[in-house]
Amino acid sequence: MPGSAVMRIGACLVLDVIALAALLAVMLRRRRRWRAVLIYAAAYAMFLGWSSSISASNDKNWATDVAHGITGTINGDRLTVRNLRNFYWHNEADYTERWEERTYDLSKLRSLDLFLVYWMGPSIAHTIMSFGFDDGRYLDFSIELRRTQNDQYSAISGFFKRHELVYIGADERDLMTLRKMRHEQIQLYRLRTPPERARALLVEYIEQANDLAAHPKFYNTLTTNCTTTIFDMMRAVTSSIPFDWRVILTGHLPSYLYEHGAVDTRIPREELRRRADVTSRVDTSLSEFEFSSRLREGVPSPR
């Protein structure tokens, strides 16, 4: 709601009082209890009408790290992306800002990897997809809540029309360095994905990012987040991926991937998970190519 906190709290209290009056009327079997229920229904309908009128926007005073969403154009095998983030992080509050344009050859796309970043216990992880090319470069995508300046992430407010969605395309060193500085655990899983399917998913990412730049959408903690959006895109590419509760409780995705043979199943699952922890390998002194190569040392790759 626009206006002061007093107005917002007042509106909440009015709706609560109407709801409580209707509930008491029903429980106490008052003669005109259905009139009270109808009054509450009318008030709630007005609330829903107001809520549906709130539209997402791309024009706000965004936090610097989400100021731009990636977009791209595809011409044959040539992919050109704009607003690729390549910040140099001194610490979480001190960084050198860089937004770049890069070109990739889709015919040289060879791998698809998944990063799981644990920041809130073992059941919740942020997902980042990484597309690898023959020349040693990686193009990473992080689907995030788009904060404004001086705003903080809140899982509760994420259930409501509070924050927009943004597709961050970034240099792998940028994304992983920031996550380590936040003291988050980083796990890397190399996926069993044919190049043609990886390409189809990458194209879907670009199309979705372009559409989001033209038609902004709201982030939702449960239904439109970093993992459910990826799942929807993968389902658009192939219908063979079943829905599972672990798509919501993303920290448990490794067992889901293992059961469906999407990762290396030649070793025990717990051993795979232990070797997937690459947090200690994040080294800002390395070049872009050395950084990504170092992360993948010892991480099992399915054949």
Side-chain angles (χ1 to χ4, degrees), residues 56-59 62 65-87 97-115 126-146 164-176 188-219 224-241 262 288-289 291-293 295-296 301:
S57 171
N58 280 329
D59 186 19
W62 303 116
D65 60 318
V66 292
H68 304 287
I70 192 171
T71 58
T73 55
I74 299 173
N75 185 9
D77 288 331
R78 183 183 177 89
L79 166 64
T80 302
V81 297
R82 290 170 292 278
N83 290 324
L84 180 137
R85 199 181 76 192
N86 185 21
F87 284 22
E97 180 181 359
R98 292 184 302 215
W99 299 93
E100 300 176 353
E101 178 176 304
R102 293 188 183 182
T103 301
Y104 300 87
D105 186 346
L106 293 177
S107 68
K108 295 182 179 179
L109 176 61
R110 288 294 177 266
S111 67
L112 177 63
D113 299 334
L114 171 68
F115 285 97
H126 179 68
T127 56
I128 297 172
M129 301 301 293
S130 178
F131 296 86
F133 294 82
D134 273 349
D135 60 4
R137 292 190 299 166
Y138 289 86
L139 173 59
D140 288 16
F141 287 86
S142 177
I143 300 174
E144 301 184 9
L145 173 151
R146 199 174 193 183
E164 277 77 4
L165 190 70
V166 64
Y167 281 42
I168 297 296
D171 180 277
E172 195 160 87
R173 183 176 45 183
D174 168 328
L175 286 174
M176 300 310 146
L188 169 61
Y189 294 91
R190 312 212 69 183
L191 303 181
R192 190 191 310 275
T193 310
E196 61 273 12
R197 186 171 295 176
R199 174 172 176 154
L201 182 60
L202 176 52
V203 170
E204 185 70 19
Y205 259 104
I206 295 301
E207 290 177 352
Q208 293 284 347
N210 290 343
D211 182 70
L212 192 64
H215 307 99
K217 299 176 183 178
F218 282 110
Y219 177 96
T224 311
N225 57 46
C226 61
T227 305
T228 56
T229 306
I230 292 173
F231 183 81
D232 289 342
M233 285 192 290
M234 295 185 77
R235 288 292 294 270
V237 174
T238 174
S239 59
S240 61
I241 302 175
E288 173 190 348
F289 299 96
F291 183 92
S292 295
S293 177
L295 285 184
R296 287 165 175 79
S301 179

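Shown here for W62 and S57, the closest heavy-atom pair between the two residues is CZ2-O, 3.4 Å. Between L109 and G132, the shortest heavy-atom contact is CD1-O, 3.3 Å. Across D65 and W99, no two heavy atoms sit closer than the pair O-CH2, 3.8 Å. Looking at every heavy atom in both residues, R146 comes nearest to V66 through NE-O, 2.9 Å. The heavy-atom pair separating L175 from S142 by the smallest distance is CD2-CB, 4.2 Å. Taking every heavy atom of both residues into account, I143 and H126 meet most closely at O-CE1, 3.2 Å.
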So D77 and K108, side chain to side chain contact (heavy atoms under 4.5 Å, CB included) or not? Walk me through it. CA-CA 9 Å; D77 288 331; K108 295 182 179 179; over 6 Å; no
Could you walk me through whether D105 and F133 satisfy the side chain to side chain contact (heavy atoms under 4.5 Å, CB included) test, starting with their C-alpha distance in whole Å, then the side-chain angles of each, then the deciding distance to 0.1 Å, before giving a yes or no? CA-CA 8 Å; D105 186 346; F133 294 82; 5.6 Å; no
Using the rule given for side chain to side chain contact (heavy atoms under 4.5 Å, CB included), can you reason through D140 versus M176, listing the C-alpha separation, both sets of side-chain angles and the distance that settles it, and then say yes or no? CA-CA 10 Å; D140 288 16; M176 300 310 146; 4.1 Å; yes
Walk me through it: do L139 and L79 pass the test side chain to side chain contact (heavy atoms under 4.5 Å, CB included)? CA-CA 11 Å; L139 173 59; L79 166 64; 4.2 Å; yes
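Counting only heavy atoms from C-beta outward, the side chains of K217 and D211 approach each other to under 4.5 Å.
A distance of 10.5 Å separates CD in E100 from CG in N83, rounded to the nearest 0.5 Å. To the nearest 0.5 Å, the span separating CG on L191 from CG on D113 amounts to 6.0 Å. Put simply, CZ on R190 and CG on L114 are 12.0 Å apart, with the number rounded to the nearest 0.5 Å. Between atom CD1 of residue I206 and atom OG1 of residue T71 there is a gap of 8.0 Å, rounded to the nearest 0.5 Å. Residue D174 holds its CG atom at 8.0 Å from CG of L84, rounded to the nearest 0.5 Å. Once rounded to the nearest 0.5 Å, the distance linking CG of N58 with CG of L212 reads 6.5 Å.
Within 6.0 Å of CG in N75 there are 12 or fewer heavy atoms belonging to other residues, nucleotides or ligands. Taking a 6.0 Å sphere around CZ of R110, one finds it holds more than 12 heavy atoms contributed by other residues, nucleotides or ligands.
Between Y205 and F131, a ring centre-to-centre spacing shorter than 6.0 Å is recorded.
Tested against E288 for a salt bridge (charged side-chain N to carboxylate O under 4.0 Å, His left out), the candidates R137, R102, R173 yield a single pass: R102. Remark: of the listed residues S301, S111, S130, S130 is the sole one forming a side chain to side chain donor-acceptor pair (under 3.5 Å) with R296.
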